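Note that the coordinates shown come from a computational prediction; the quantities given were computed from them, not determined experimentally. All values below come from the heavy atoms of this structure, side chains included, with hydrogens, waters and symmetry mates left out.
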Amino acid sequence: MSDFRAEVVAFIEAHAPRALWGTATSPFQGHWGGQDSGYSSADHIAWFEAALQRGWTAPTWPVAYGGGGLTREQGAILNAELNQRGIPRPLVGFGLSMIGPIILNYGNEAQKLRHLTAIARGKVRWCQGYSEPGAGSDLAALACRAERDGDHFVVNGQKIWTSFADKADWIFCLVRTAPTKHSGITFLLIDISTPGIEVRPIELISGSSPFCETFLTDVRVPVANVVGEINAGWQVARALLGHERDSIGEAIINGGSRPTILASFSLRDHAIDRIGVDASGKLADPILRAAVADHEITRRIGRLTLARIRETLQRGGSPGPETSIVKVFGTELNQERWTLAQRILGLEGLYWESDSPTDHALARTWLRSRGNTIEGGTSEVQLNIIATTVLGLPRLSSSGKVTPAGSAPAAASLLTEEQEMIQGAARDFLASSAPIALARAMRDAATPHDPALWAQMVELGWSALLVGEDAGGFGLGMTELALVCEHLGARLTPSPILSVALSTEVFGHDPAQLAAIVEGRVIALADHEPRARRGVHETAAVETSGGLSLTGEKSAVLDAAAASAFLVTAIDADGAPVLVLVDAAAEGVTVRAERRLDGRDSGRVVLSGAVGQPVDARRLPAARDRATIALCAEMLGGMQAIFAETLRYLKTRQQFKRPIGSFQALQHRAARLYIDIELCRAAVGAAARIADTEPAHLAAHASMAKVRCSEVFEHTALEAIQLHGGIGMTDEHDAGMFLKRARVAAETFGTADWHRDRWAALRGY
């Protein structure tokens, strides 16, 4: 694909006018086609015409229907290159994103030839006729009638919230052709210029809107305009909703629609401009600084989640219920964005009109965003879809009948064959040799480390994953280690794998140390001190003839019992930080076991003149970030495991003669947990890839993953206890063990607050 990417870049360089670069803020920004849209500029005319010659107005459609004939992968490359340069699509709109894919999949040849070519050439603009005054979330309750009259239907009824109907040429409609609710609906294409159609714009609380209400009175539509079969339109409608939610979610995650004056709006720049920075360069308001950082992190992770779903769809087919994740998350994120912008402005952001067009545009955009969680299917409906279709929770019909729980559809794998093998080996080994029962038994026996179990892991090669082949390792990367850590976390398996990840990076240029790590040597980081929260580090390093003499005390040392050596952070005589390798058996080293909440290996290391050797400390930040990513992978495994247990309980526990998982309140809680976990999956996967491919971005991605995973793991465990009721509070249930692990993990390698703060610093505020 490198040749094709070069071809795309060359085409963009030659034909996309420079005035368009950096102007795109939404996938729906650009030329919409049709008779009443016009072009935003002469530059966009030139861009559209150039792309049209290549078929790249509809790049992945067949050439026979006006498209470019590109594969999905090629189309993704084209979009990625446009996104990277901020260039708007040559052509946008519902014709491309919604009705076009439906005609491709469900339309007959005559419909494809007539409509797809017109869409691709920008000749026709489409709008959507789904919702009605009495059929919004309950779309199948629609009442707009279509009665057969020879070769035509006569349509009577009203549609509402028809976006851009006042500018559209055609409308795709759901109409009732039989009295039965779902099996009496037909999908119909209607020329909006047909006599009997009246369109009236609707004004929203923001002062304007794209929405209209559409009235149809004795409108005659050819039967040939039915897509699919008569009375079988519900299946077509549901397929189109997948494309709609996907496109809405993508648009909003990438910034959403907004006035031209806010085209280049940045929450970070907005905060710096309105709040100002202190002498250290930080935003003057620490509360808003944390809020802006959290929003930026969440938005970045949202984009990673969208990319992950895109890649999954490319391997597995058309958009399905997983697009509801993007819709719920993206719309709520957009509302948060504009609410936060309002908070930053304070009273100055509450004018309907003002001397500052930007300020009152922000106020109106904030008002407009409130509709995001309603349009295109409410958040509540999307949560219902996730709960029943994705998670397989039991359904409750309007008649009160409960449909038993189903199984969630398997997602297409994004792993390589080698990664699949590593994951499978980890899953099988831990299932048989290290179940959660082992972690419980070790906790009860106060045995923090099992040398025999670690020896088996070493035999499997887990200590060698990150070590280069020249030092006896496998030369793999953080993605492979993360797969192993995910399964370790799912079973709360005690192991020193995090310390191995850290020390492998620290000793990346020391073949002897790396060879020892491959053989199973554990070198633990001794960094935290009892007074460290107050910024006081007291461990001193004094130069002696044999190395550096260490005096001080380190607490919460991870893998203290397993370690044969420690990497100790200290301060030298000049007050400079140093890193010292000291043998655990050296004179002056005392290790005392600490029994933490989660039972994981932890200890206090007392140093009384212990002599060690200096180590290059410059590799420590990256080493800590790699260990953080491995920890996040463990947390991801843990949250998935306890969530799966909670789902099983919701499907089987009976209350009031029905499974508790059929209650909507519990379904929505479960669906929101699922969304959060999917965001964590995307964050961890991206951080692992970045660690090996783009080290300059390692710190930012490690912090993103740690912020999200710390909070979601703990929340998932707390929800597990709540949803299990009293049994969740008992020690015999595993929920409490996961909660304890989550709480400890949240404090390890930097809290969410610490990583939020670091993110803001990395972003320059």
Side-chain angles (χ1 to χ4, degrees), residues 19-30 32 37-41 44 86 88 92 161 163-164 166-167 200-213 248 251-278 281-296 298-299 302 330-376 760 763-765:
L20 297 179
W21 291 45
T23 64
T25 60
S26 165
F28 283 134
Q29 180 182 338
W32 282 67
S37 294
Y39 293 89
S40 59
S41 67
H44 210 118
V92 298
W161 311 122
S163 301
F164 303 113
D166 55 337
K167 298 180 181 299
R200 301 175 190 169
I202 301 171
E203 184 173 323
L204 298 184
I205 59 175
S206 57
S208 63
S209 85
F211 298 115
C212 302
E213 50 186 344
I248 290 175
I252 290 179
I253 284 176
N254 286 295
S257 60
R258 44 190 145 156
T260 303
I261 197 168
L262 298 178
S264 59
F265 176 84
S266 158
L267 199 57
R268 168 191 173 276
D269 294 343
H270 175 60
I272 292 173
D273 179 56
R274 298 308 179 100
I275 299 173
V277 296
D278 60 21
K282 294 183 177 181
L283 282 180
D285 186 325
I287 295 175
L288 285 175
R289 179 174 185 263
V292 171
D294 196 61
H295 180 85
E296 282 200 324
T298 305
R299 186 178 173 212
T331 54
E332 294 180 355
L333 180 69
N334 200 52
Q335 290 176 341
E336 177 189 288
R337 172 190 181 87
W338 300 113
T339 298
L340 187 52
Q342 285 288 97
R343 284 176 57 194
I344 290 169
L345 279 176
L347 288 173
E348 299 304 313
L350 301 177
Y351 293 106
W352 186 251
E353 293 180 351
S354 71
D355 294 336
S356 170
T358 300
D359 289 0
H360 71 248
L362 280 171
R364 295 187 182 208
T365 304
W366 166 68
L367 286 167
R368 174 64 185 88
S369 73
R370 304 321 303 173
N372 295 160
T373 49
I374 301 171
E375 58 198 308
R763 291 276 292 139
Y765 61 89

Practice problem: Step by step, work out the side-chain contact (heavy atoms from CB on, under 4.5 Å) result for His44 and Thr23. | Solution: CA-CA 11 Å; His44 210 118; Thr23 64; over 6 Å; no

Quiz item: Can you check side-chain contact (heavy atoms from CB on, under 4.5 Å) on Leu20 and Ser41, steps first, answer last?
Solution: CA-CA 9 Å; Leu20 297 179; Ser41 67; 4.3 Å; yes

Quiz item: Do Glu296 and Arg763 pass the salt bridge (Lys or Arg N to Asp or Glu O under 4.0 Å) test, and can you show the C-alpha distance, the side-chain angles, and the key distance before you say yes or no?
Solution: CA-CA 10 Å; Glu296 282 200 324; Arg763 291 276 292 139; 2.7 Å; yes

Practice problem: Would you check, one step at a time, whether the test side-chain contact (heavy atoms from CB on, under 4.5 Å) holds for Arg268 with Leu283? | Solution: CA-CA 10 Å; Arg268 168 191 173 276; Leu283 282 180; over 6 Å; no

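A pairwise comparison of heavy atoms in Cys212 and Pro201 identifies SG-CA, 3.9 Å as the closest pair. Nearest heavy-atom pair, Arg343 versus Ala291, reported as atom, atom and distance to 0.1 Å: NH1-CB, 4.3 Å. In this structure, Tyr765 and Ala293 approach most closely via the heavy-atom pair OH-CA, 3.1 Å. The minimum heavy-atom distance linking Ala24 with Pro88 is given by the pair CB-N, 3.6 Å. Here the closest non-hydrogen pair linking Gly764 and Ile272 is O-CD1, 4.1 Å.
Residues Arg368 and Pro210 form a side-chain contact, since some pair of their non-hydrogen atoms from C-beta on lies under 4.5 Å apart. Side-chain contact between Trp161 and Ile202: present, with at least one pair of heavy atoms (C-beta onward) separated by less than 4.5 Å. At a threshold of 4.5 Å between non-hydrogen side-chain atoms, the residues Arg337 and Leu340 do not count as touching. Two residues are said to be in side-chain contact when any heavy atoms from C-beta on lie closer than 4.5 Å; Asp269 and Ser264 fail this criterion. Put simply, the side chain of Ile344 does not reach to within 4.5 Å of the side chain of Asp285, judged on heavy atoms. Side-chain contact check for Leu367 versus Gln342: every heavy-atom pair is 4.5 Å or farther apart. At least one side-chain heavy atom of Thr298 sits under 4.5 Å from a side-chain heavy atom of Leu333.
Rounding to the nearest 0.5 Å places NE2 of His295 at 5.5 Å from CG of Leu267. The CG atom of Leu345 lies 5.5 Å from the CG atom of Leu362; values are rounded to the nearest 0.5 Å. Residue Asp273 holds its CG atom at 10.5 Å from OG of Ser266, rounded to the nearest 0.5 Å. Taking CZ from Arg289 and CD1 from Ile275, the interatomic distance works out to 11.0 Å, rounded to the nearest 0.5 Å.
For residues 351-362, the set of pairs meeting the side-chain hydrogen bond (donor to acceptor under 3.5 Å, both in side chains) definition, not counting sequence neighbours, comprises Arg274-Asp359, Ser356-Asp359. Among residue pairs with one or both ends in residues 200-212, those qualifying as side-chain hydrogen bond (donor to acceptor under 3.5 Å, both in side chains) are Glu198-Arg200; sequence neighbours excluded.
Partners of His270 by ring-ring contact (aromatic ring centres under 6.0 Å, His included), not counting sequence neighbours, listed by chain and number: Phe265.
For the side chain to side chain donor-acceptor pair (under 3.5 Å) test with Asn334, the passing option among Thr365, Asn372, Thr373 is Asn372; the others fail.
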